[in-house]
Amino acid sequence: EPPDDAPAVPLTEIDLWVVPGTGFTPTGDRLGRVAGYYDATLAQRRPGSSIVGLTWDCCVVEELPTEPHDVRMHAIVTETRVLLPSDLIEYSR
């Protein structure tokens, strides 16, 4: 957490967003904690900025409920793989 006197960074100046979630799908859908804070913040991001979901393999499932305001991830990183939903490419180690 930044110190209290750290300057605020405008959302439009952030190039990479690392987003946690309760679950993700291989196509980039994300299940959060139902409050919608991340989706509301990501809706204000700079066009062209990247959104990466960070999770465990066990939290990647085939399907999740979604709503129109949900923001899709550009990539999902787990402890063993990187999923790139836009290209449907998976890199595993």
Side-chain angles (χ1 to χ4, degrees):
E1 193 170 312
D4 291 336
D5 60 346
V9 175
L11 299 179
T12 55
E13 289 187 20
I14 298 172
D15 293 323
L16 175 65
W17 297 83
V18 178
V19 182
T22 303
F24 294 89
T25 67
T27 57
D29 293 322
R30 173 186 165 271
L31 181 65
R33 305 272 316 250
V34 188
Y37 295 119
Y38 277 94
D39 292 312
T41 301
L42 291 171
Q44 300 175 54
R45 75 186 190 286
R46 178 184 57 78
S49 60
S50 298
I51 311 167
V52 176
L54 187 60
T55 193
W56 302 101
D57 276 322
C58 63
C59 296
V60 179
V61 297
E62 288 304 312
E63 193 173 320
L64 290 170
T66 60
E67 297 183 24
H69 68 270
D70 290 339
V71 176
R72 210 171 237 186
M73 305 294 103
H74 296 133
I76 299 164
V77 177
T78 75
E79 73 274 20
T80 65
R81 59 192 173 152
V82 175
L83 300 167
L84 301 172
S86 60
D87 300 325
L88 298 176
I89 297 172
E90 179 177 332
Y91 296 97
S92 299
R93 65 174 178 134

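FYI, side chains are in, hydrogens and waters are out, and symmetry mates aren't considered; it's all heavy atoms of this structure.
W17 and V9 fall within the same hydrophobic cluster, defined by Ile, Leu, Val, Met, Phe, Trp and Tyr side-chain heavy atoms under 4.5 Å apart, directly or through other members. V19 and W56 sit in two unconnected hydrophobic clusters of ILVMFWY residues. Membership requires side-chain heavy atoms under 4.5 Å apart, directly or through other members. Under the 4.5 Å side-chain heavy-atom criterion for Ile, Leu, Val, Met, Phe, Trp and Tyr, L84 and V18 are members of the same hydrophobic cluster.
Residues passing the side-chain contact (heavy atoms from CB on, under 4.5 Å) test with E62, sequence neighbours excluded: P26. Contacts of D70 classified as side-chain contact (heavy atoms from CB on, under 4.5 Å), with partners at least two apart in sequence or in another chain: D39, T66, E67.
Within the 4.5 Å cutoff, side-chain heavy atoms of R46 are placed close to those of D15. Side-chain contact between L11 and R45 is absent, with no heavy atoms from C-beta onward closer than 4.5 Å.
Of all the heavy atoms in L16 and I14, the pair that sits closest is O-CG2, 3.4 Å. Looking at every heavy atom in both residues, V60 comes nearest to T25 through CG1-C, 4.3 Å.
Sorted by first and then second residue, the salt bridge (charged side-chain N to carboxylate O under 4.0 Å, His left out) pairs with a member in residues 48-59 read D57-R81; sequence neighbours excluded.
With rounding to the nearest 0.5 Å, the separation of CG in L31 from SG in C59 is 10.0 Å.
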Requested in this report: Using the side chain to side chain contact (heavy atoms under 4.5 Å, CB included) rule, take T27 and R72 through it: C-alpha gap first, then chi angles, then the decisive distance, then the call.
Outcome: CA-CA 8 Å; T27 57; R72 210 171 237 186; 4.0 Å; yes
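Between the side chain of H74 and the backbone N or O of I51 there is at least one donor-acceptor pair closer than 3.5 Å. Remark: side-chain polar atoms of T22 are paired, donor with acceptor, to backbone N or O of G32 under 3.5 angstrom.
Partner of F24 under the side chain to side chain contact (heavy atoms under 4.5 Å, CB included) criterion, chosen from I76, T78, V61: I76.
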